[in-house]
There are 2 protein chains.
Amino acid sequence: MCKSTDPKRALFAELATVARALGHEHRVELLEHLAQGERSVEALARLTGLSMANASQHLQQLRRAGLLDARRDGKFILYRLADDGVVQLMSVLRQTAERNVASVGALLARYFDGRDGLEPVGRAALVDRAQAGLVTVIDVRPREEFDLGHVPGAVSVPLEELDARLAEFDPATEIVAYCRGAYCLLAVEAVARLRARGFSARRMEDGMPEWRAAGLPVASG
Amino acid sequence: MCKSTDPKRALFAELATVARALGHEHRVELLEHLAQGERSVEALARLTGLSMANASQHLQQLRRAGLLDARRDGKFILYRLADDGVVQLMSVLRQTAERNVASVGALLARYFDGRDGLEPVGRAALVDRAQAGLVTVIDVRPREEFDLGHVPGAVSVPLEELDARLAEFDPATEIVAYCRGAYCLLAVEAVARLRARGFSARRMEDGMPEWRAAGLPVASG
DNA sequence: ACATCATTCAAGAGATAGATTGAACGTATA
DNA sequence: TATACGTTCAATCTATCTCTTGAATGATGT
């Protein structure tokens with residue numbers, strides 16, 4: 001069997017190339033930041049603590065793998081995810097890791113709730129409690145995604161703005177955060193930060209895609 | 001730089017480890033074979049053309065990443081996917097690659113239909129044509145999955161048995177093959193082989209999960 | 001035109017992964 | 001028990017990846 005020209009082998013090689021692009025701690029972190037929106041090389045280098053040259057190289061590797069696009073704006077080069085499928089890929093990767101790698105499950109458990117058994121809020125319960133004004137619902141995705149559709153009554157608080165807007169929230173009212181899905185880390189991070197500041201915060205089970213899929217009402221604009 | 005105490009960094013590192021396990025041509029191919037069922041190291045080495053030692057090392061790497069489980073049966077060690085999520089991960093990887101890497105799109109296009117515009121069969125059309133006896137529907141997934149539910153009237157022909165069972169098919173009747181989904185390669189491979197033998201073969205659009213999701217009838221047992 | 005700044009390129013050292021070889025291990029069969 | 005066989009281990013060489021440093025590029029603003 002001569003397989004050097006075998007298209008199947010070539011396909012496997014291409015898939016491996018894309019996977020390898022995800023195969024480095026720093027690149028996963030870069031993608032996680034870029035999941036929140038466009039960022040310049042300088043901003044990403046600062047956020048991750050990498051040198052500019054190093055960050056640039058990792059970003060180019062991700063771009064070569066087709067996971068990122070870049071555009072110039074003034075003196076900055078802005079990188080962004082090539083499409084929403086990249087978020088899905090990272091989510092599935094996280095799901096797989098959580099199911100099959102014990103240490104990831106432990107890390108996520110610690111990350112999700114600290115130590116006192118904070119459970120995510122179900123969708124049905126959320127509708128009731130939101131209508132009764134018992135909870136503040138925040139959407140921590142980038143504002144562009146919020147504009148394309150969000151949970152009725154939710155407030156857009158992109159994760160990056162959260163720290164600066166803490167004064168908006170009533171410490172006596174529970175906050176429910178949601179983002180893109182069960183395995184999107186944005187809401188998890190938001191809840192962790194809010195709880196560190198003394199707020200009562202929970203994460204909505206699942207995210208916007210599941211909300212839509214469940215046929216629940218979606219507000220937009 | 002020691003970031004080992006930051007749980008977020010640790011999580012990224014774990015995710016990268018899992019991704020890196022997918023980051024080699026041979027390991028992708030091994031997973032693709034294992035998607036069809038349990039296999040011994042020797043069988044996998046033969047299927048892929050790798051040396052036993054090399055195959056063993058790659059398999060152990062996949063197992064360390066949590067993507068595979070192994071069990072002993074007699075003198076053989078049988079590897080299998082850790083769970084169905086691994087198939088999903090590979091599917092999403094392929095989707096992402098197809099969207100964002102031009103060469104993958106080209107490879108898949110060539111793989112899917114050769115050159116004469118063979119289009120996949122829609123679900124609705126399939127029901128009609130199958131009932132009219134105009135087509136033979138084959139399910140090329142592993143038999144275990146067939147038993148858990150399949151398209152009514154479909155015949156179980158696991159991909160590995162296809163070559164040996166060509167005599168069962170009427171060259172005058174069109175064959176429609178399906179597997180796990182739009183991005184599962186089993187049906188693609190089956191169609192390629194059937195067409196190479198002169199059969200008229202097509203791929204069903206989507207696969208069993210989508211069939212179920214569409215609420216179409218499912219036979220089992 | 002000149003200076004400035006964000007980004008990229010280029011080259012090198014150090015670390016890591018892949019393939020091959022031959023030996024060692026464990027289980028089944030004679 | 002002895003032998004055969006599938007699998008894994010250990011050691012080695014080679015190739016590739018990572019990161020740092022310093023220079024080069026390309027657009028902007030004075």
Side-chain angles (χ1 to χ4, degrees), chain A residues 1 3-4 9 12-31 33-34 37-65 67-80, chain B residues 1-4 9 12-31 33-34 37-80:
Chain A
M1 295 192 181
K3 309 258 172 159
S4 50
R9 285 274 158 73
F12 294 151
E14 295 287 354
L15 297 182
T17 299
V18 175
R20 196 161 40 240
L22 288 171
H24 194 285
E25 176 182 352
H26 293 159
R27 290 195 288 272
V28 174
E29 186 171 9
L30 287 167
L31 287 172
H33 283 117
L34 286 166
E38 266 187 337
R39 294 285 184 279
S40 68
V41 179
E42 180 273 335
L44 289 165
R46 187 164 29 78
L47 286 166
T48 57
L50 298 176
S51 72
M52 294 263 301
N54 199 3
S56 176
Q57 286 184 35
H58 282 299
L59 290 167
Q60 287 174 64
Q61 221 164 321
L62 287 166
R63 190 179 50 182
R64 260 181 265 125
L67 299 177
L68 297 183
D69 283 335
R71 71 182 180 90
R72 167 156 238 137
D73 178 44
K75 46 172 48 170
F76 295 91
I77 305 278
L78 299 181
Y79 280 89
R80 63 170 176 278
Chain B
M1 42 180 102
C2 63
K3 318 268 166 100
S4 42
R9 285 273 160 71
F12 294 151
E14 295 287 354
L15 297 182
T17 298
V18 175
R20 194 160 44 238
L22 289 171
H24 193 283
E25 176 181 353
H26 292 161
R27 290 194 289 272
V28 174
E29 186 171 9
L30 288 168
L31 287 172
H33 283 116
L34 286 167
E38 265 186 338
R39 292 286 184 276
S40 67
V41 179
E42 180 273 334
L44 289 166
R46 187 165 29 81
L47 287 166
T48 57
L50 298 176
S51 71
M52 295 263 300
N54 199 4
S56 176
Q57 287 188 119
H58 283 298
L59 289 167
Q60 286 175 67
Q61 220 164 323
L62 287 166
R63 190 178 51 181
R64 273 195 299 273
L67 300 176
L68 296 184
D69 283 336
R71 72 181 179 91
R72 179 178 276 277
D73 178 46
K75 46 172 47 172
F76 296 92
I77 304 277
L78 298 180
Y79 280 89
R80 62 169 177 278

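Chain letters run A, B, ... following the sequence lines, proteins first and then strands; every chain starts at 1.
For A/R64 and D/dT18, the CZ to C1' distance is 13 Å, given to the nearest whole Å. Per the geometry, CG belonging to A/L50 stands 10 Å off C1' belonging to D/dC19, to the nearest Å. In this structure, the CD1 atom of A/I77 is 9 Å from the C1' atom of D/dA27, given to the nearest Å. Separating the CZ atom of B/R63 from the C1' atom of D/dC9 is a distance of 13 Å, rounded to the nearest angstrom. Remark: C1' of D/dG26 and CD of A/E42 are 18 Å apart, rounded to the nearest angstrom. If you take CD of A/Q61 and P of C/dC9, they are 13 Å apart, rounded to a whole angstrom. Whole-Å rounding puts the B/R72 CZ to C/dA28 P distance at 7 Å. Separating the CG atom of B/L30 from the P atom of C/dA19 is a distance of 11 Å, rounded to the nearest angstrom.
Residue A/N54 has a polar side-chain atom (N or O) positioned under 4.0 Å from OP1 or OP2 of D/dT20. The side chain of A/Y79 contributes an N or O atom lying less than 4.0 Å from OP1 or OP2 of C/dT8. Not one side-chain nitrogen or oxygen of A/R20 sits closer than 4.0 Å to the OP1 or OP2 atom of D/dT16. Side-chain nitrogen and oxygen atoms of B/H26 include at least one within less than 4.0 Å of the OP1 or OP2 phosphate oxygen of C/dA19. A close approach under 4.0 Å does not occur between any side-chain nitrogen or oxygen of A/H58 and OP1 or OP2 of D/dC17. Contact annotation: B/H24 side-chain N/O to D/dA15 OP1/OP2 distance is not under 4.0 Å. For C/dT7, the OP1/OP2 oxygens have no side-chain nitrogen or oxygen of A/S56 closer than 4.0 Å. Close to D/dC9, at under 4.0 Å from its OP1 or OP2, lies a side-chain N or O of B/Q60.
A/Q57 comes within 4.0 angstrom of a nucleotide base, judged by non-hydrogen atoms across all strands.
Taking the six-membered ring where the residue is Trp, A/H26 and A/H58 present perpendicular rings, their angle passing 60° and hence far from 30°.
No donor-acceptor pair under 3.5 Å is formed between the side chain of A/S56 and the backbone N or O of A/M52. Of the possible polar contacts, none joining the B/R63 side chain to the B/A65 backbone as a donor-acceptor pair under 3.5 Å is found. Using a distance-only test at 3.5 Å, with no hydrogens or angles considered, no donor-acceptor pair links the side chain of A/R39 to the main chain of A/L44. A distance-only check finds no donor-acceptor pair linking the side chain of B/R20 to the backbone of B/L22 [under 3.5 Å].
Between B/G23 and A/V41, the residue anchored nearer the 5' end of DNA chain C, judged by the nucleotide with its closest heavy atom, is A/V41. Residues B/L78 and A/R27 each lie close to DNA chain D; by heavy-atom proximity, the contact nearer the 5' end of the strand is made by B/L78. Nearest-nucleotide mapping onto DNA chain D: of A/A53 and B/S40, the residue sitting toward the 5' end is B/S40.
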(request) Check the pair B/R71 / B/E38 against side chain to side chain contact (heavy atoms under 4.5 Å, CB included), numbers first and verdict last. (result) CA-CA 10 Å; B/R71 72 181 179 91; B/E38 265 186 338; 2.6 Å; yes
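The base of D/dT18 has none of its N or O atoms less than 3.5 Å from a complementary donor or acceptor on the side chain of A/E25.
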